[in-house]
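If you read the sequence from its start, that first residue is 1, and numbering goes on from there. Indexing begins at 1, ligand by ligand and atom by atom, following the structure's order.
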Amino acid sequence: MSAHYTEQQLSFCTSLPKVELHAHLNGSLRDSTIRELALQKNLDPSLTKVLEKGDRTLSEVFQVFGVIHQVTTDHATLTRITQEVIEDFAADNVQYLELRTTPKDRPEHGMTKRSYTEAVIRGLRLAEQGCTTVVRLLLSIDRREDAAAAMATVQLAAELSPCVVGIDLSGNPTVGTWETWEPALQHARKLGLRLTIHAAEVYNPSETKQILEFRPDRLGHMCCLDDNLEKQFYDSLIPVELCLSSNIITESVGSFPDHHFLPFFQAGHPVVLCTDDSGVFETSLSKEYAIAAQAFGLSQKDLWQLSYQAIQHTFLSREDQQKLRESWNEHYATHSHTWN
Ligand SMILES: CNc1ncnc2c1ncn2[C@@H]1O[C@H](COP(=O)(O)O)[C@@H](O)[C@H]1O
Ligand SMILES: [Zn+2]
């Protein structure tokens with residue numbers, strides 16, 4: 001994809017302290033790591049072809065995940081990729097990262113949901129030794145999973161709190177039905193876990209209505225709404241994670257200037273810019289901010305505020321949020337006199 005921002009915009013956005021709330025572990029891998037692992041695991045070359053970049057439909061993106069998941073099958077690799085992904089976000093000046101991943105039961109690889117997640121947490125601990133970025137985990141329920149698998153993920157998340165702070169529902173939006181996962185999500189809420197749900201990534205009004213009535217703590221995407229849903233969404237005041245490049249590349253949205261970020265932002269609805277899959281979509285959080293600056297004419301002050309306001313939508317305690325604000329305020333005090 002050609003650049004949709006200037007170098008100056010990118011360098012400003014890189015210097016901003018940032019919060020990333022919507023990043024899938026296996027979608028955030030470095031290309032070089034995927035290639036190295038594909039060689040190591042003797043992956044069929046016809047499969048690696050799928051990994052070549054370019055515009056992809058949403059269903060093609062899920063084929064890409066199928067291939068990536070074939071090279072991240074062992075615990076040591078999971079630990080490694082987690083460490084690398086966190087390091088990459090830290091290098092992009094992300095000071096708080098909520099990283100999400102789907103715990104996988106893979107008996108053929110001696111892996112359980114618990115051993116998968118523990119391997120990820122080992123990577124998180126290693127990364128913490130080398131950077132100051134604060135990281136928390138969300139465990140994802142994949143829409144291909146049944147009610148029992150969803151419940152197992154929720155139980156695991158509760159057991160691994162406080163490193164794990166919540167649950168995400170994601171996966172191919174054309175697969176499965178809301179009723180399958182709702183009991184597990186209700187249970188998660190009772191256990192004190194926070195909830196974020198991918199919603200309206202494709203047009204599915206009845207499901208989107210059910211999700212809004214369920215009232216998760218945050219929503220992801222909200223691309224395809226009719227007038228009734230839009231009203232219900234605005235009335236809900238539920239913060240939404242928006243991933244510009246992801247929606248454009250998968251063709252959920254036609255062009256950056258047409259992205260629903262703008263009406264949501266202008267309506268004062270709480271929005272948080274995020275990457276979704278920085279590896280698969282060749283992006284970074286700084287690039288997403290720069291794209292927003294260019295497409296929606298945001299000032300440098302707007303960009304700082306967008307990043308600052310994201311803090312209140314994190315699943316951190318009030319005290320931990322306050323600590324982050326101190327760092328943002330310091331940045332503001334030092335730099336804001338030069339902003340337009
Ligand atoms: C592009 N839009 C999207 N919509 C829905 N789900 C998505 C997604 N991008 C990623 N995922 C979800 O995240 C998994 C990869 O990371 P983990 O294996 O969990 O670390 C994908 O398999 C899918 O379930
Ligand atoms: Zn996502």
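The cluster map of Ile, Leu, Val, Met, Phe, Trp and Tyr, joined by side-chain heavy atoms under 4.5 Å apart, puts Phe315 and Leu242 in different clusters.
A donor atom on one side chain and an acceptor atom on the other are found under 3.5 Å apart for Thr314 and Gln321. Side-chain contact, Glu326 with Gln322: no donor N or O sits under 3.5 Å from an acceptor N or O. A donor-acceptor contact closer than 3.5 angstrom links the side chains of Glu288 and Ser245.
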Identify each donor-acceptor pair in which a side-chain atom of residues 147-166 lies under 3.5 Å from a protein atom, sequence neighbours left out, and give them as a table.
residue : atom : partner : partner atom : Å
Thr153  : OG1  : Lys113  : NZ           : 2.8
Thr153  : OG1  : Ala149  : O            : 3.3
Gln155  : NE2  : His187  : NE2          : 3.3
Glu159  : OE1  : Arg114  : NH2          : 2.3

Considering only distance and modelled atom types, tabulate donor-acceptor pairs under 3.5 Å from the side chains of residues 305-313, sequence neighbours left out.
residue : atom : partner : partner atom : Å
Ser307  : OG   : Pro17   : O            : 2.6
Ser307  : OG   : Trp328  : NE1          : 2.8

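Counting heavy atoms from C-beta outward, Ser278 and Ser28 have side chains that approach closer than 4.5 Å.
Under a 4.0 Å N-O distance rule, the pair Lys231/Asp227 does not qualify as a salt bridge. A salt bridge links Glu128 and Arg125; the closest N-O separation between the charged side-chain nitrogens and carboxylate oxygens is under 4.0 Å.
Take a cut-off of 2.8 Å around the Zn ion (ligand 2): the protein N, O or S atoms inside it are His22 NE2, His24 NE2, His198 NE2, Asp276 OD1.
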Could you list, one pair per line, each nitrogen or oxygen of ligand 1 together with any protein nitrogen or oxygen closer than 3.5 Å, giving atom names and the distance rounded to 0.1 Å?
residue  : atom   : partner : partner atom : Å
ligand 1 : 2 (N)  : Glu201  : OE2          : 2.7
ligand 1 : 2 (N)  : Asp276  : OD2          : 3.3
ligand 1 : 4 (N)  : Glu201  : OE1          : 2.8
ligand 1 : 4 (N)  : Glu201  : OE2          : 3.1
ligand 1 : 6 (N)  : Gly171  : N            : 2.9
ligand 1 : 9 (N)  : Asp277  : OD2          : 2.7
ligand 1 : 13 (O) : His24   : ND1          : 2.9
ligand 1 : 18 (O) : Asn26   : ND2          : 3.1
ligand 1 : 18 (O) : His69   : NE2          : 2.6
ligand 1 : 18 (O) : Lys104  : NZ           : 2.8
ligand 1 : 19 (O) : Thr102  : N            : 2.8
ligand 1 : 19 (O) : Thr102  : OG1          : 2.5
ligand 1 : 20 (O) : Asn26   : N            : 3.0
ligand 1 : 20 (O) : Asn26   : ND2          : 2.9
ligand 1 : 20 (O) : Thr101  : OG1          : 2.6

